Amino acid sequence: MPVLTAGAGLHETLALLTSQLRPDANHKEDMVFLKDVFSERSLGYLMKIHEKLRQYERQSPIPVLHSASSLAEDVAEELQSGPMSTEEKELVHLLMSPHLKAVLSVHDTVAQKNFDPVLPPLPDDFEDELEEESVKIVRLVKNKEPLGATIRRDEASGAVIVARVMRGGAADRSGLVHIGDELREVNGVSVIHKRPDEISQLLSQSQGSITLKIIPAIKEEGRLKESKVYMRALFDYIPLEDKATPCQEAGLPFKRGDILQVVSQDDATWWQAKRVGDSNLRAGLIPSKQFQERSLTLCLPPLFPACLPTEDCDCEGYFNGQYIAGLRRSFRLSRKDRQGSTGEGSDPGDPEFLTYEDVSRYQQRPNERPRLVVLIGSLGARINELKQRVIAENPHRYAVAVPHTTRPKKPHEKDGVEYHFVTKQQFDADVLNNKFIEHGEYKENQYGTSIEAIRSVQAKNKMCIVDVQPEALKRLRTAEFKPYVIFVKPRVPESRRRRSPGVPDEDLQEMRQSAIQIDQQYGHLVDRVLIKEDSASACAELRGILERLEQESFWVPISWVRT
Ligand code: 5GP
């Protein structure tokens, strides 16, 4: 067995460890998983970077100069002051590029050890007040961002209380502001007799650092724990149009299909979440699953918020990705709004009750069966043709599920190749026994695709591609098949001038309508929309999707990966 030398680095150790992993009958899957993790290129790179950094650390490097940025600026200025050769022009171009400037700026920050923001000294009179009451003076740095907390006025005492601390926001990151804290002053200005919107204004005015005088809540909440709950949104949410939210500007807008990391479910009505892939660290408010179900049932506005106090914050609708000038008006539900209507709504027991779906990341492992690929298409998409074309290009990797039919076999056909040829009685019995994912009639003959036909393709370790009517989706969404659903829509030109030659306007309208209808009814079950420009480009795009499906990880319902 190979032995590590004393000076072996992490990288070497990892390589040796990977080579020593032996398949073990009892933990085969774990071993494959471990091997995959250890062989990950990115992990290897990280190890190398780590070792390089360690190496430099040992050399204890010291900066040659503390202000490389100004040196670069001086050089560029000097060069530009006279006629320049080609090389000089290139150098100026390099020195002025934003990337190099950013690198030099980082260098200078490190060289000057200029890491912490400089806070102004505390005013002297705080000392006396600290003795009088158990107040806490909190000074935190807001990096051109909102405080990340909402406030409300306590009905009984009139005190201004911290209602929520948004995960990942400035207040949360400081660890110094907690739910229930009473806010007394903002930057030395008393908030006791101020309206919530005036307080929000005070908060939003302080850009660099902000000083809060706070009476801590009796029971200080522990530091908020990071949650690993991920959900796919099954509806669009626009907080600025939501009359029910306690604070519209603290809301997180999202679209159907977005993946949300729900970081807090402490409040049963308003959860806190971030959009996966967003660079924004601060969480926003979203309606909880239960609350959204209720809202749908009652056809908004719901009854809940009438009894909830409203809250204010200094977020200014920040989450919409656009700056909304001015501060939010202090929102209060009017009596008329509060009463709401109780029109007909969907039934919460209805499986179509679209709120959120718990999801998890899933990557197909080499020893696992390929995922089922399901094509659905709107009018004019010709998904069967697309499917056949992709399979014909690569019949060793992709295959169709062989359908059943009651029509007679043609001389060149073989049973089990083009079709499974069955009698009408057999076909009817199979329909009754729920064997088909879909079936239909064509020229008085029956046709249908069975679940077994899909299984037998997957058993050969091939990726099975089916094209179905969207109604079949529910039947196929199982942990066994882990379907990846692609909705193919033909590109329909919008303007009359650019309409497709030879296609009547009514047909184009029907195509548009068909796409809208499928999107409305089944869009939440779709993983990917493929806009078909022409057959060749759609085929190339589909090929790309299929390749990635085997190599990358995707969000799937959590029940598909939990065993
Ligand atoms: P053919 O008999 O010429 O092979 O197929 C005629 C038609 O049967 C096809 O164009 C298609 O519309 C329909 N068909 C073929 N396979 C299936 C299937 O699995 N399900 C359904 N519903 N129709 C099928």
Side-chain angles (χ1 to χ4, degrees), residues 7 9-12 14-15 40-121 139-148 168-170 173-174 187 203-211 274-282 314-326 544 548 551-552:
L10 260 180
H11 186 239
E12 215 174 303
L14 187 73
E40 259 289 312
R41 265 201 194 171
S42 46
L43 185 67
Y45 291 147
L46 275 178
M47 295 294 170
K48 279 192 178 161
I49 292 170
H50 173 83
E51 276 168 23
K52 276 270 175 286
L53 287 176
R54 287 292 303 273
Q55 200 179 321
Y56 284 117
E57 211 178 13
R58 280 193 285 272
Q59 291 168 2
S60 309
I62 43 164
V64 179
L65 78 172
H66 288 79
S67 183
S69 305
S70 37
L71 179 65
E73 271 171 32
D74 291 348
V75 171
E77 207 173 301
E78 185 77 15
L79 287 171
Q80 282 170 311
S81 62
M84 288 190 284
S85 66
T86 322
E87 287 78 14
E88 284 170 336
K89 275 186 194 154
E90 193 182 345
L91 182 58
V92 170
H93 185 70
L94 267 177
L95 292 174
M96 306 289 270
S97 81
H99 291 106
L100 191 74
K101 279 187 172 176
V103 169
L104 295 181
S105 154
V106 171
H107 167 274
D108 293 348
T109 307
V110 177
Q112 292 163 21
K113 296 195 165 48
N114 190 13
F115 312 122
D116 298 321
V118 183
L119 294 175
R139 175 163 284 170
L140 45 96
V141 177
K142 284 206 310 163
N143 200 7
K144 290 192 184 134
E145 61 178 327
L147 178 63
R173 294 201 308 276
S174 78
N187 289 340
L203 291 172
S204 72
Q205 272 163 0
S206 0
Q207 274 315 331
S209 74
I210 185 167
T211 307
K274 299 182 214 177
R275 270 192 309 243
V276 167
D278 247 5
S279 52
N280 200 337
L281 290 173
R282 181 167 41 93
D314 61 336
C315 297
E316 301 181 342
Y318 178 85
F319 281 105
N320 276 327
Q322 61 192 50
Y323 182 81
I324 295 164
R548 283 197 294 280
Q551 291 157 4
E552 295 173 14

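In what follows, residues are counted from 1 in the order of the sequence shown. Quick note: numbers below take in every heavy atom, side chains included, and nothing from hydrogens, waters or symmetry partners. Everything numeric here is computed off the predicted structure, so don't read it as measured data.
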Inset, instruction - Identify the heavy atoms of Arg139 and Thr211 that sit nearest to each other, and give their distance. - result: NE-OG1, 2.8 Å
Inset, instruction - Using the test side chain to side chain contact (heavy atoms under 4.5 Å, CB included), find all partners of Met84 that sit at least two apart in sequence or belong to another chain. - result: Leu79, Gln80, Glu88, Lys89, Val92
Legend entry - Approximate separation, where rounding is to 0.5 Å, of Glu77 CD and Glu73 CD: 8.0 Å
Legend entry - Gap separating the CG atom of Leu53 from the CD1 atom of Ile49, nearest 0.5 angstrom: 7.5 Å
Inset, instruction - Return yes when atom CD of Glu90 has more than 12 non-hydrogen atoms of other residues, nucleotides or ligands closer than 6.0 Å, and no otherwise. - result: no
Inset, instruction - Might you point out which heavy atoms bring Leu140 and Ser174 nearest each other, and give the distance in Å? - result: CD2-OG, 3.5 Å
Legend entry - Euclidean distance, Met47 CE relative to Glu40 CD, rounded to 0.5 Å: 11.5 Å
Inset, instruction - Taking all heavy atoms of Ser81 and all of Glu78, pick out the closest pair and write down the distance. - result: OG-O, 2.5 Å
Legend entry - Value rounded to 0.5 Å, distance of CD in Gln112 from CG in Leu65: 9.5 Å
Inset, instruction - Keeping the roles fixed (side chain from Asn187, backbone from Ile210), state whether a donor-acceptor pair exists under 3.5 Å. - result: no
Legend entry - Residue Arg548 excluded, over 12 heavy atoms near CZ under 6.0 Å: yes
Legend entry - From Arg54 atom CZ to Gln59 atom CD, the distance as rounded to the nearest 0.5 Å: 12.5 Å
Legend entry - Distance-minimising heavy-atom pair for Ala68 and Asp108: N-OD1, 2.8 Å
Legend entry - Heavy-atom donor-acceptor pair, Arg173 side chain to Gly168 backbone, under 3.5 Å: yes
Legend entry - Heavy-atom closest contact (Ala170 atom, Glu145 atom, distance): CB-OE2, 3.6 Å
Legend entry - Nearest-0.5 Å distance, OG of residue Ser69 to NE2 of residue His107: 9.0 Å
Legend entry - Any donor-acceptor pair under 3.5 Å from Ser97 side chain to His93 backbone: no
Legend entry - Heavy-atom side-chain proximity of Leu71 to Leu104 below 4.5 angstrom: no
